[in-house]
Colleague: 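Just dropping this structure here.
Chain letters run A, B, ... following the sequence lines, proteins first, then strands; residues in each count from 1. Small disclaimer: the values here were computed from a predicted structure and weren't measured.
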Number of protein chains: 2
Amino acid sequence: MKYGPDIALVASLIGEPARANMVLALMSGQALSAADLAREAGVTPPTATGHLAKLVSAGLLGVRKQGRHRYFEIAGPDVGQAVEALIAVAARAGHLRTRPGPKDEAMRHARSCYDHLAGRMAVDMFGHWMASGILCWRSGALHLTRKGRDFLGGRGIAFEALESGKRPLCRSCMDWSERRHHLAGTLGAEILEMAVAKGWAARERNMRTVSFSKRGEENFVRWYSRPG
Amino acid sequence: MKYGPDIALVASLIGEPARANMVLALMSGQALSAADLAREAGVTPPTATGHLAKLVSAGLLGVRKQGRHRYFEIAGPDVGQAVEALIAVAARAGHLRTRPGPKDEAMRHARSCYDHLAGRMAVDMFGHWMASGILCWRSGALHLTRKGRDFLGGRGIAFEALESGKRPLCRSCMDWSERRHHLAGTLGAEILEMAVAKGWAARERNMRTVSFSKRGEENFVRWYSRPG
DNA sequence: TTCATAGTTTGATCATAGCCGAATTATCGC
DNA sequence: GCGATAATTCGGCTATGATCAAACTATGAA
(Lines give C-alpha, C1' and ligand atoms only; values in the text may rest on other atoms or scores of the structure.)
Protein backbone atom coordinates (compact mmCIF):
# COMPACT_ATOMS: atom_id res chain seq x y z
CA MET A 1 0.00 0.00 0.00
CA LYS A 2 1.50 3.28 -1.09
CA TYR A 3 0.39 6.72 -0.12
CA GLY A 4 1.45 10.23 -0.73
CA PRO A 5 3.65 11.74 -3.38
CA ASP A 6 7.30 10.80 -3.21
CA ILE A 7 8.88 14.20 -3.21
CA ALA A 8 12.21 12.72 -2.14
CA LEU A 9 12.52 10.91 -5.44
CA VAL A 10 11.89 14.05 -7.45
CA ALA A 11 14.01 16.26 -5.26
CA SER A 12 16.94 13.86 -5.22
CA LEU A 13 16.98 13.85 -9.00
CA ILE A 14 17.27 17.63 -9.06
CA GLY A 15 19.57 17.49 -6.07
CA GLU A 16 22.54 16.10 -7.93
CA PRO A 17 24.74 18.95 -9.23
CA ALA A 18 25.21 17.56 -12.73
CA ARG A 19 21.51 16.95 -13.16
CA ALA A 20 20.63 20.30 -11.64
CA ASN A 21 22.86 22.00 -14.20
CA MET A 22 21.14 20.13 -16.98
CA VAL A 23 17.70 21.09 -15.74
CA LEU A 24 18.72 24.71 -15.30
CA ALA A 25 20.12 24.77 -18.81
CA LEU A 26 16.78 23.51 -20.07
CA MET A 27 14.84 26.08 -18.08
CA SER A 28 15.18 28.46 -20.98
CA GLY A 29 12.60 26.27 -22.64
CA GLN A 30 15.05 25.40 -25.37
CA ALA A 31 15.54 21.75 -26.17
CA LEU A 32 19.16 20.63 -25.97
CA SER A 33 20.97 17.54 -27.16
CA ALA A 34 22.62 15.02 -24.90
CA ALA A 35 26.06 16.33 -25.81
CA ASP A 36 25.05 19.92 -25.08
CA LEU A 37 23.78 18.86 -21.70
CA ALA A 38 26.91 16.89 -20.96
CA ARG A 39 28.89 20.05 -21.61
CA GLU A 40 26.54 22.16 -19.51
CA ALA A 41 26.78 19.74 -16.64
CA GLY A 42 30.54 19.31 -16.93
CA VAL A 43 30.44 15.54 -17.28
CA THR A 44 31.33 13.06 -19.99
CA PRO A 45 28.70 11.74 -22.41
CA PRO A 46 28.27 8.38 -20.71
CA THR A 47 27.59 10.03 -17.39
CA ALA A 48 25.16 12.41 -19.03
CA THR A 49 23.33 9.51 -20.64
CA GLY A 50 22.78 7.92 -17.28
CA HIS A 51 21.49 11.12 -15.73
CA LEU A 52 19.21 11.89 -18.62
CA ALA A 53 17.73 8.42 -18.57
CA LYS A 54 16.80 8.90 -14.94
CA LEU A 55 15.31 12.32 -15.52
CA VAL A 56 13.23 11.10 -18.43
CA SER A 57 11.97 7.96 -16.77
CA ALA A 58 10.97 9.97 -13.72
CA GLY A 59 8.91 12.29 -15.89
CA LEU A 60 10.96 15.41 -15.34
CA LEU A 61 12.26 15.67 -18.87
CA GLY A 62 10.80 14.80 -22.21
CA VAL A 63 12.82 13.62 -25.17
CA ARG A 64 12.37 13.97 -28.89
CA LYS A 65 14.40 11.87 -31.25
CA GLN A 66 15.51 13.59 -34.40
CA GLY A 67 17.90 11.70 -36.63
CA ARG A 68 20.90 10.70 -34.61
CA HIS A 69 20.26 13.43 -32.08
CA ARG A 70 18.06 13.29 -29.03
CA TYR A 71 16.68 16.57 -27.83
CA PHE A 72 15.68 16.90 -24.21
CA GLU A 73 13.32 19.41 -22.70
CA ILE A 74 11.49 20.15 -19.48
CA ALA A 75 8.52 17.81 -19.38
CA GLY A 76 5.88 20.28 -18.27
CA PRO A 77 5.02 23.51 -16.52
CA ASP A 78 4.82 21.78 -13.16
CA VAL A 79 8.49 20.88 -13.38
CA GLY A 80 9.31 24.45 -14.32
CA GLN A 81 7.40 25.75 -11.34
CA ALA A 82 9.15 23.37 -9.00
CA VAL A 83 12.54 24.48 -10.28
CA GLU A 84 11.53 28.12 -9.97
CA ALA A 85 10.40 27.52 -6.42
CA LEU A 86 13.72 25.88 -5.60
CA ILE A 87 15.51 28.82 -7.17
CA ALA A 88 13.56 31.16 -4.93
CA VAL A 89 14.51 29.24 -1.81
CA ALA A 90 18.15 28.98 -2.79
CA ALA A 91 18.29 32.67 -3.64
CA ARG A 92 16.70 33.71 -0.36
CA ALA A 93 19.04 31.53 1.64
CA GLY A 94 22.04 32.82 -0.28
CA HIS A 95 23.17 29.54 -1.77
CA LEU A 96 25.08 30.25 -4.98
CA ARG A 97 26.53 27.81 -7.42
CA THR A 98 29.70 28.25 -9.39
CA ARG A 99 28.40 27.86 -12.89
CA PRO A 100 25.98 30.31 -14.43
CA GLY A 101 22.91 29.37 -16.35
CA PRO A 102 22.45 30.38 -19.97
CA LYS A 103 25.80 31.44 -21.29
CA ASP A 104 24.89 32.82 -24.60
CA GLU A 105 24.27 36.51 -24.72
CA ALA A 106 21.32 36.47 -27.13
CA MET A 107 19.49 34.14 -24.87
CA ARG A 108 20.17 36.24 -21.82
CA HIS A 109 18.80 39.19 -23.64
CA ALA A 110 15.36 37.95 -24.47
CA ARG A 111 13.82 34.58 -24.05
CA SER A 112 10.63 33.14 -22.80
CA CYS A 113 10.26 31.28 -19.56
CA TYR A 114 7.44 28.80 -20.40
CA ASP A 115 4.88 31.30 -21.42
CA HIS A 116 6.09 34.64 -20.22
CA LEU A 117 8.95 36.86 -21.20
CA ALA A 118 12.22 36.44 -19.34
CA GLY A 119 15.77 37.68 -19.71
CA ARG A 120 17.13 41.18 -19.56
CA MET A 121 14.24 42.92 -21.28
CA ALA A 122 11.74 41.34 -18.94
CA VAL A 123 13.82 42.26 -15.93
CA ASP A 124 14.09 45.84 -17.15
CA MET A 125 10.35 46.07 -17.63
CA PHE A 126 9.76 44.67 -14.19
CA GLY A 127 12.13 47.18 -12.60
CA HIS A 128 10.51 50.04 -14.44
CA TRP A 129 7.02 49.01 -13.39
CA MET A 130 8.06 48.59 -9.79
CA ALA A 131 9.74 51.99 -9.77
CA SER A 132 6.73 53.73 -11.27
CA GLY A 133 4.23 52.14 -8.93
CA ILE A 134 2.48 49.90 -11.41
CA LEU A 135 3.46 46.85 -9.45
CA CYS A 136 4.20 46.59 -5.77
CA TRP A 137 4.94 44.01 -3.14
CA ARG A 138 2.20 43.38 -0.65
CA SER A 139 2.77 40.90 2.12
CA GLY A 140 5.22 38.93 0.06
CA ALA A 141 3.08 38.71 -3.04
CA LEU A 142 3.15 40.82 -6.14
CA HIS A 143 0.19 43.15 -6.67
CA LEU A 144 -1.05 45.22 -9.55
CA THR A 145 -1.81 48.66 -8.10
CA ARG A 146 -4.78 50.83 -8.96
CA LYS A 147 -2.41 52.95 -11.00
CA GLY A 148 -1.25 49.80 -12.74
CA ARG A 149 -4.81 48.88 -13.60
CA ASP A 150 -5.38 52.25 -15.23
CA PHE A 151 -2.06 51.95 -16.99
CA LEU A 152 -2.82 48.54 -18.45
CA GLY A 153 -6.42 49.41 -19.22
CA GLY A 154 -5.18 52.30 -21.33
CA ARG A 155 -2.97 49.89 -23.22
CA GLY A 156 -5.65 47.45 -24.14
CA ILE A 157 -4.77 44.70 -21.68
CA ALA A 158 -7.96 43.07 -20.44
CA PHE A 159 -6.67 42.19 -17.01
CA GLU A 160 -10.14 41.39 -15.69
CA ALA A 161 -10.24 38.28 -17.84
CA LEU A 162 -6.74 37.38 -16.72
CA GLU A 163 -7.51 37.31 -13.03
CA SER A 164 -10.56 35.10 -13.19
CA GLY A 165 -8.74 31.78 -12.98
CA LYS A 166 -6.86 30.01 -10.33
CA ARG A 167 -3.53 31.11 -11.66
CA PRO A 168 -2.37 34.43 -10.25
CA LEU A 169 -2.48 37.58 -12.33
CA CYS A 170 0.96 38.68 -11.22
CA ARG A 171 3.63 36.44 -9.97
CA SER A 172 7.27 37.20 -9.68
CA CYS A 173 9.63 34.74 -11.24
CA MET A 174 13.29 34.76 -10.33
CA ASP A 175 15.48 35.01 -13.37
CA TRP A 176 18.56 32.94 -12.87
CA SER A 177 20.70 34.64 -15.45
CA GLU A 178 19.95 38.16 -14.28
CA ARG A 179 19.30 37.09 -10.71
CA ARG A 180 16.44 39.53 -10.51
CA HIS A 181 12.70 39.25 -10.61
CA HIS A 182 10.55 39.45 -13.66
CA LEU A 183 6.85 39.22 -14.26
CA ALA A 184 5.09 35.89 -14.55
CA GLY A 185 1.49 34.87 -14.05
CA THR A 186 -1.31 35.39 -16.55
CA LEU A 187 -0.30 39.01 -17.04
CA GLY A 188 3.23 38.00 -17.93
CA ALA A 189 1.90 35.47 -20.40
CA GLU A 190 -0.46 38.01 -21.93
CA ILE A 191 2.36 40.48 -22.49
CA LEU A 192 4.42 37.94 -24.37
CA GLU A 193 1.37 37.05 -26.45
CA MET A 194 0.88 40.69 -27.25
CA ALA A 195 4.49 41.26 -28.26
CA VAL A 196 4.28 38.32 -30.64
CA ALA A 197 0.87 39.35 -31.96
CA LYS A 198 2.06 42.87 -32.71
CA GLY A 199 5.00 41.48 -34.63
CA TRP A 200 7.55 42.98 -32.24
CA ALA A 201 8.94 39.60 -31.37
CA ALA A 202 8.98 36.12 -32.85
CA ARG A 203 9.38 32.78 -31.21
CA GLU A 204 12.22 30.75 -32.60
CA ARG A 205 11.78 27.26 -33.94
CA ASN A 206 12.39 25.73 -30.57
CA MET A 207 9.43 27.83 -29.39
CA ARG A 208 11.15 29.17 -26.34
CA THR A 209 13.77 31.63 -27.41
CA VAL A 210 12.20 34.89 -28.36
CA SER A 211 13.87 37.30 -30.71
CA PHE A 212 12.88 40.91 -30.90
CA SER A 213 13.52 42.87 -34.05
CA LYS A 214 15.39 46.11 -33.45
CA ARG A 215 12.24 48.05 -34.20
CA GLY A 216 10.14 45.65 -32.14
CA GLU A 217 12.35 46.10 -29.14
CA GLU A 218 12.10 49.88 -29.39
CA ASN A 219 8.33 49.65 -29.64
CA PHE A 220 8.16 47.29 -26.73
CA VAL A 221 10.27 49.49 -24.49
CA ARG A 222 8.19 52.48 -25.49
CA TRP A 223 5.03 50.51 -24.79
CA TYR A 224 5.90 49.64 -21.25
CA SER A 225 7.62 52.87 -20.29
CA ARG A 226 5.40 55.54 -21.83
CA PRO A 227 3.73 57.35 -18.96
CA GLY A 228 -0.02 57.52 -18.47
CA MET B 1 33.11 33.78 -9.39
CA LYS B 2 29.76 32.41 -8.43
CA TYR B 3 26.52 32.84 -10.23
CA GLY B 4 23.02 31.63 -9.90
CA PRO B 5 21.16 29.98 -7.09
CA ASP B 6 22.34 26.55 -6.08
CA ILE B 7 19.16 24.59 -6.42
CA ALA B 8 21.07 21.32 -6.20
CA LEU B 9 21.94 22.07 -2.61
CA VAL B 10 18.36 22.79 -1.65
CA ALA B 11 16.94 19.91 -3.66
CA SER B 12 19.42 17.39 -2.33
CA LEU B 13 18.41 18.30 1.20
CA ILE B 14 14.77 17.56 0.42
CA GLY B 15 15.84 14.64 -1.73
CA GLU B 16 16.83 12.39 1.13
CA PRO B 17 13.88 10.24 2.23
CA ALA B 18 14.29 10.78 5.94
CA ARG B 19 14.55 14.54 5.53
CA ALA B 20 11.68 14.60 3.06
CA ASN B 21 9.49 12.83 5.60
CA MET B 22 10.45 15.41 8.20
CA VAL B 23 9.64 18.29 5.92
CA LEU B 24 6.32 16.74 4.91
CA ALA B 25 5.41 16.22 8.54
CA LEU B 26 6.08 19.91 9.15
CA MET B 27 4.01 20.95 6.17
CA SER B 28 0.96 20.87 8.43
CA GLY B 29 2.30 24.11 9.86
CA GLN B 30 2.68 22.55 13.24
CA ALA B 31 6.07 22.77 14.93
CA LEU B 32 7.41 19.39 15.96
CA SER B 33 10.18 18.33 18.29
CA ALA B 34 13.31 16.50 17.21
CA ALA B 35 12.02 13.26 18.66
CA ASP B 36 8.69 13.60 16.84
CA LEU B 37 10.54 14.15 13.60
CA ALA B 38 12.83 11.21 14.20
CA ARG B 39 9.73 9.05 14.57
CA GLU B 40 8.12 10.55 11.49
CA ALA B 41 11.25 9.93 9.47
CA GLY B 42 11.82 6.46 10.82
CA VAL B 43 15.34 7.10 12.07
CA THR B 44 17.03 7.23 15.45
CA PRO B 45 17.45 10.52 17.31
CA PRO B 46 21.15 10.95 16.46
CA THR B 47 20.42 10.60 12.77
CA ALA B 48 17.53 13.02 13.03
CA THR B 49 19.75 15.55 14.76
CA GLY B 50 22.17 15.47 11.87
CA HIS B 51 19.45 15.93 9.29
CA LEU B 52 17.79 18.72 11.22
CA ALA B 53 21.07 20.56 11.62
CA LYS B 54 21.54 20.53 7.87
CA LEU B 55 18.00 21.67 7.17
CA VAL B 56 18.27 24.52 9.64
CA SER B 57 21.67 25.71 8.52
CA ALA B 58 20.50 25.71 4.92
CA GLY B 59 17.57 27.90 5.85
CA LEU B 60 14.83 25.41 5.13
CA LEU B 61 13.70 24.99 8.71
CA GLY B 62 13.54 27.31 11.65
CA VAL B 63 13.99 26.20 15.21
CA ARG B 64 12.57 27.46 18.50
CA LYS B 65 14.14 26.35 21.71
CA GLN B 66 11.73 25.76 24.54
CA GLY B 67 13.15 24.24 27.65
CA ARG B 68 14.79 20.98 26.82
CA HIS B 69 12.80 20.67 23.62
CA ARG B 70 13.62 22.09 20.27
CA TYR B 71 10.67 22.72 18.02
CA PHE B 72 11.27 22.81 14.29
CA GLU B 73 9.10 24.40 11.65
CA ILE B 74 9.17 25.29 7.98
CA ALA B 75 11.31 28.41 7.68
CA GLY B 76 9.10 30.39 5.35
CA PRO B 77 6.42 30.43 2.70
CA ASP B 78 8.97 29.99 -0.06
CA VAL B 79 9.96 26.63 1.36
CA GLY B 80 6.32 25.61 1.59
CA GLN B 81 5.78 26.58 -2.01
CA ALA B 82 8.80 24.60 -3.14
CA VAL B 83 7.58 21.52 -1.33
CA GLU B 84 4.11 21.94 -2.77
CA ALA B 85 5.57 22.27 -6.25
CA LEU B 86 7.56 19.08 -5.74
CA ILE B 87 4.39 17.36 -4.52
CA ALA B 88 2.65 18.43 -7.70
CA VAL B 89 5.41 17.01 -9.89
CA ALA B 90 5.59 13.76 -7.97
CA ALA B 91 1.82 13.39 -8.05
CA ARG B 92 1.62 14.03 -11.78
CA ALA B 93 4.42 11.59 -12.53
CA GLY B 94 2.82 8.99 -10.30
CA HIS B 95 5.67 8.61 -7.85
CA LEU B 96 4.27 7.38 -4.59
CA ARG B 97 6.16 6.77 -1.43
CA THR B 98 5.65 3.81 0.80
CA ARG B 99 5.18 5.65 4.03
CA PRO B 100 2.27 7.99 4.22
CA GLY B 101 2.34 11.18 6.15
CA PRO B 102 -0.54 10.45 8.47
CA LYS B 103 -0.28 6.72 8.80
CA ASP B 104 -3.54 5.69 10.24
CA GLU B 105 -6.83 5.84 8.46
CA ALA B 106 -8.64 7.75 11.17
CA MET B 107 -6.14 10.54 10.87
CA ARG B 108 -6.50 10.73 7.13
CA HIS B 109 -10.19 10.96 7.55
CA ALA B 110 -10.32 13.91 9.88
CA ARG B 111 -7.52 15.75 11.53
CA SER B 112 -6.57 19.27 12.29
CA CYS B 113 -3.84 21.04 10.42
CA TYR B 114 -2.42 23.46 12.96
CA ASP B 115 -5.75 25.04 13.84
CA HIS B 116 -8.09 24.22 11.03
CA LEU B 117 -9.74 21.08 9.82
CA ALA B 118 -7.84 18.93 7.34
CA GLY B 119 -8.20 15.46 5.88
CA ARG B 120 -10.90 14.00 3.74
CA MET B 121 -13.83 15.79 5.33
CA ALA B 122 -12.16 19.17 4.96
CA VAL B 123 -11.29 18.44 1.35
CA ASP B 124 -14.89 17.44 0.64
CA MET B 125 -16.20 20.61 2.21
CA PHE B 126 -13.77 22.70 0.23
CA GLY B 127 -14.78 21.04 -3.03
CA HIS B 128 -18.44 21.53 -2.26
CA TRP B 129 -18.00 25.20 -1.46
CA MET B 130 -15.96 25.80 -4.59
CA ALA B 131 -18.55 24.05 -6.73
CA SER B 132 -21.42 26.01 -5.26
CA GLY B 133 -19.73 29.37 -5.59
CA ILE B 134 -19.15 30.09 -1.94
CA LEU B 135 -15.40 30.22 -2.47
CA CYS B 136 -13.54 31.12 -5.62
CA TRP B 137 -10.02 31.73 -6.85
CA ARG B 138 -9.12 35.27 -7.67
CA SER B 139 -5.66 35.98 -8.94
CA GLY B 140 -4.20 33.05 -7.10
CA ALA B 141 -5.78 33.79 -3.77
CA LEU B 142 -8.86 32.31 -2.25
CA HIS B 143 -11.85 34.61 -1.89
CA LEU B 144 -15.13 34.38 -0.07
CA THR B 145 -17.78 35.43 -2.59
CA ARG B 146 -20.80 37.60 -1.88
CA LYS B 147 -22.89 34.45 -1.99
CA GLY B 148 -20.49 32.90 0.49
CA ARG B 149 -20.91 35.82 2.84
CA ASP B 150 -24.68 35.42 2.83
CA PHE B 151 -24.28 31.69 3.26
CA LEU B 152 -22.02 32.00 6.28
CA GLY B 153 -23.99 34.88 7.73
CA GLY B 154 -27.07 32.68 7.72
CA ARG B 155 -25.15 30.04 9.61
CA GLY B 156 -24.00 32.24 12.43
CA ILE B 157 -20.37 32.67 11.40
CA ALA B 158 -19.26 36.19 12.23
CA PHE B 159 -16.82 36.52 9.40
CA GLU B 160 -16.47 40.28 9.88
CA ALA B 161 -14.58 39.67 13.12
CA LEU B 162 -12.47 37.06 11.41
CA GLU B 163 -11.16 39.32 8.70
CA SER B 164 -10.11 42.17 10.92
CA GLY B 165 -6.68 40.82 11.75
CA LYS B 166 -3.50 40.41 9.83
CA ARG B 167 -4.18 36.81 9.08
CA PRO B 168 -6.22 36.16 5.95
CA LEU B 169 -9.84 35.10 6.20
CA CYS B 170 -9.49 32.37 3.61
CA ARG B 171 -6.37 30.56 2.65
CA SER B 172 -6.01 27.34 0.79
CA CYS B 173 -3.81 24.71 2.31
CA MET B 174 -2.57 21.75 0.29
CA ASP B 175 -3.45 18.50 1.90
CA TRP B 176 -0.71 15.97 1.32
CA SER B 177 -2.72 12.88 2.09
CA GLU B 178 -5.60 13.82 -0.19
CA ARG B 179 -3.44 15.90 -2.52
CA ARG B 180 -6.17 18.47 -2.77
CA HIS B 181 -6.83 21.86 -1.26
CA HIS B 182 -8.71 22.57 1.88
CA LEU B 183 -9.69 25.67 3.75
CA ALA B 184 -7.29 27.42 6.11
CA GLY B 185 -7.12 30.97 7.42
CA THR B 186 -9.21 32.40 10.21
CA LEU B 187 -12.37 31.02 8.62
CA GLY B 188 -10.92 27.52 8.56
CA ALA B 189 -9.97 27.88 12.22
CA GLU B 190 -13.40 29.18 13.12
CA ILE B 191 -15.09 26.22 11.49
CA LEU B 192 -13.03 23.76 13.48
CA GLU B 193 -13.84 25.73 16.65
CA MET B 194 -17.49 25.58 15.80
CA ALA B 195 -17.49 21.85 15.14
CA VAL B 196 -15.86 21.28 18.51
CA ALA B 197 -18.14 23.75 20.29
CA LYS B 198 -21.25 22.11 18.91
CA GLY B 199 -20.04 18.76 20.11
CA TRP B 200 -19.79 17.33 16.61
CA ALA B 201 -16.10 16.67 16.94
CA ALA B 202 -13.51 16.35 19.66
CA ARG B 203 -9.80 16.94 19.58
CA GLU B 204 -7.71 14.02 20.67
CA ARG B 205 -5.06 14.30 23.31
CA ASN B 206 -2.28 14.91 20.82
CA MET B 207 -4.25 17.85 19.40
CA ARG B 208 -3.70 16.76 15.81
CA THR B 209 -6.38 14.20 15.28
CA VAL B 210 -9.98 15.24 15.36
CA SER B 211 -12.64 12.66 15.79
CA PHE B 212 -16.18 13.22 14.66
CA SER B 213 -18.97 11.21 16.13
CA LYS B 214 -21.13 9.50 13.54
CA ARG B 215 -23.94 11.89 14.31
CA GLY B 216 -21.51 14.84 14.42
CA GLU B 217 -20.20 14.02 10.97
CA GLU B 218 -23.73 13.87 9.57
CA ASN B 219 -24.56 17.19 11.16
CA PHE B 220 -21.37 18.73 9.89
CA VAL B 221 -21.93 17.59 6.32
CA ARG B 222 -25.50 18.83 6.48
CA TRP B 223 -24.25 22.13 7.88
CA TYR B 224 -21.90 22.88 5.07
CA SER B 225 -23.95 21.46 2.22
CA ARG B 226 -27.46 22.64 3.07
CA PRO B 227 -28.40 25.21 0.44
CA GLY B 228 -29.30 28.81 1.24
C1' DT C 1 31.38 0.92 -48.64
C1' DT C 2 33.89 3.74 -45.44
C1' DC C 3 34.44 7.23 -42.25
C1' DA C 4 32.73 10.36 -38.72
C1' DT C 5 29.77 11.78 -35.21
C1' DA C 6 25.92 11.02 -31.58
C1' DG C 7 24.80 8.34 -28.11
C1' DT C 8 24.73 4.01 -25.18
C1' DT C 9 26.40 -0.06 -22.55
C1' DT C 10 29.62 -2.21 -19.58
C1' DG C 11 32.58 -2.66 -15.80
C1' DA C 12 35.39 -1.11 -12.31
C1' DT C 13 36.73 2.59 -9.03
C1' DC C 14 35.94 5.61 -5.42
C1' DA C 15 33.93 9.21 -2.49
C1' DT C 16 30.04 10.77 -0.15
C1' DA C 17 26.88 10.52 3.25
C1' DG C 18 23.33 7.94 5.77
C1' DC C 19 23.01 5.11 9.65
C1' DC C 20 23.40 3.43 14.40
C1' DG C 21 25.42 2.41 19.26
C1' DA C 22 27.56 4.37 22.96
C1' DA C 23 28.91 8.06 25.51
C1' DT C 24 27.94 13.09 26.65
C1' DT C 25 25.50 17.47 27.66
C1' DA C 26 21.37 20.05 29.01
C1' DT C 27 17.04 20.66 31.28
C1' DC C 28 13.02 19.33 33.95
C1' DG C 29 10.72 17.38 38.14
C1' DC C 30 11.34 15.86 42.71
C1' DG D 1 21.37 17.32 45.17
C1' DC D 2 19.44 13.02 42.03
C1' DG D 3 17.22 10.50 38.47
C1' DA D 4 14.69 10.90 33.96
C1' DT D 5 14.07 12.57 29.49
C1' DA D 6 15.57 15.49 25.25
C1' DA D 7 19.00 16.13 22.35
C1' DT D 8 23.85 16.05 20.64
C1' DT D 9 28.60 14.41 19.58
C1' DC D 10 31.69 10.83 18.21
C1' DG D 11 33.40 6.85 15.69
C1' DG D 12 33.04 3.41 12.59
C1' DC D 13 30.38 0.61 9.28
C1' DT D 14 28.15 0.25 4.92
C1' DA D 15 25.68 1.13 0.76
C1' DT D 16 24.50 3.97 -2.73
C1' DG D 17 25.54 6.18 -6.74
C1' DA D 18 28.51 9.32 -9.49
C1' DT D 19 32.27 8.92 -12.41
C1' DC D 20 35.08 7.66 -16.51
C1' DA D 21 37.53 4.68 -20.07
C1' DA D 22 36.75 1.62 -23.47
C1' DA D 23 34.01 -0.87 -26.42
C1' DC D 24 29.76 -0.82 -28.97
C1' DT D 25 25.46 0.67 -31.84
C1' DA D 26 23.10 3.84 -34.90
C1' DT D 27 22.61 7.42 -38.09
C1' DG D 28 24.34 10.54 -41.67
C1' DA D 29 27.71 11.97 -45.14
C1' DA D 30 31.14 11.10 -48.74
Colleague: Locate the shortest heavy-atom distance separating Q66(B) from Y71(B); write the atom from each residue and the value.
Modeller: OE1-CE1, 3.8 Å
Colleague: Check for a donor-acceptor pair, side chain of R19(A) on one end and backbone N or O of A8(B) on the other, with a separation under 3.5 Å.
Modeller: no
Colleague: Between C1' on dA26(C) and NZ on K65(B), what's the gap in Å once rounded to a whole number?
Modeller: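 Rounded to the whole Å, the gap is 7 Å.
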Colleague: Does a side-chain heavy-atom distance below 4.5 Å link E218(B) with K214(B)?
Modeller: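 Result yes, sub-4.5 Å side-chain heavy-atom pair found.
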Colleague: Of all residues at least two apart in sequence or in a different chain, which pass the ring-ring contact (aromatic ring centres under 6.0 Å, His included) check with F220(A)?
Modeller: F212(A), Y224(A)
Colleague: Between the axis at one end of the helix from dT1(C)-dA30(D) to dC30(C)-dG1(D) and the axis at the other (five pairs apiece), what's the angle to 10 degrees?
Modeller: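 That helix gives 30° between its end axes.
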Colleague: Hey, could you give me each pair passing salt bridge (charged side-chain N to carboxylate O under 4.0 Å, His left out) that has a residue in residues 45-64 of chain B? Not counting sequence neighbours.
Modeller: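 Output for this query lists R64(B)-E73(B).
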Colleague: For nucleotides 11-16 of chain D, just jot down a letter per nucleotide in 5' to 3' order: B, S or -, based on protein non-hydrogen atoms under 4.0 Å.
Modeller: ------
Colleague: Show the nearest heavy-atom pair for residues G80(A) and I74(A), with the distance to one decimal.
Modeller: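 Where G80(A) meets I74(A) most closely, the heavy atoms are N-CG2, 4.0 Å.
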Colleague: Main chain of V79(A), side chain of R92(B): is a donor-acceptor contact present, judged purely on distance under 3.5 Å?
Modeller: no
Colleague: Let me have a per-nucleotide readout for nucleotides 5-17 of chain C, 5' to 3', with B, S or -, counting only protein heavy atoms under 4.0 Å.
Modeller: BSSBB--------
Colleague: Grab the two heavy atoms, one from L52(B) and one from L61(B), that are nearest each other, plus how far apart they are.
Modeller: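 Closest approach of L52(B) to L61(B), heavy atoms only: CD2-CD1, 3.8 Å.
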Colleague: Looking at residues at least two apart in the chain, or sitting in another chain, which of them share a side-chain contact (heavy atoms from CB on, under 4.5 Å) with A18(A)?
Modeller: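 Residues passing side-chain contact (heavy atoms from CB on, under 4.5 Å) with A18(A): E16(A), A41(A), V43(A), H51(A).
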Colleague: Whole-Å distance between dA7(D) C1' and R64(B) CZ?
Modeller: 17 Å
Colleague: Taking the side chain as every heavy atom from C-beta outward, state whether E193(A) and V196(A) have any pair of such atoms under 4.5 Å apart.
Modeller: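 The answer is no; the side chains never approach within 4.5 Å.
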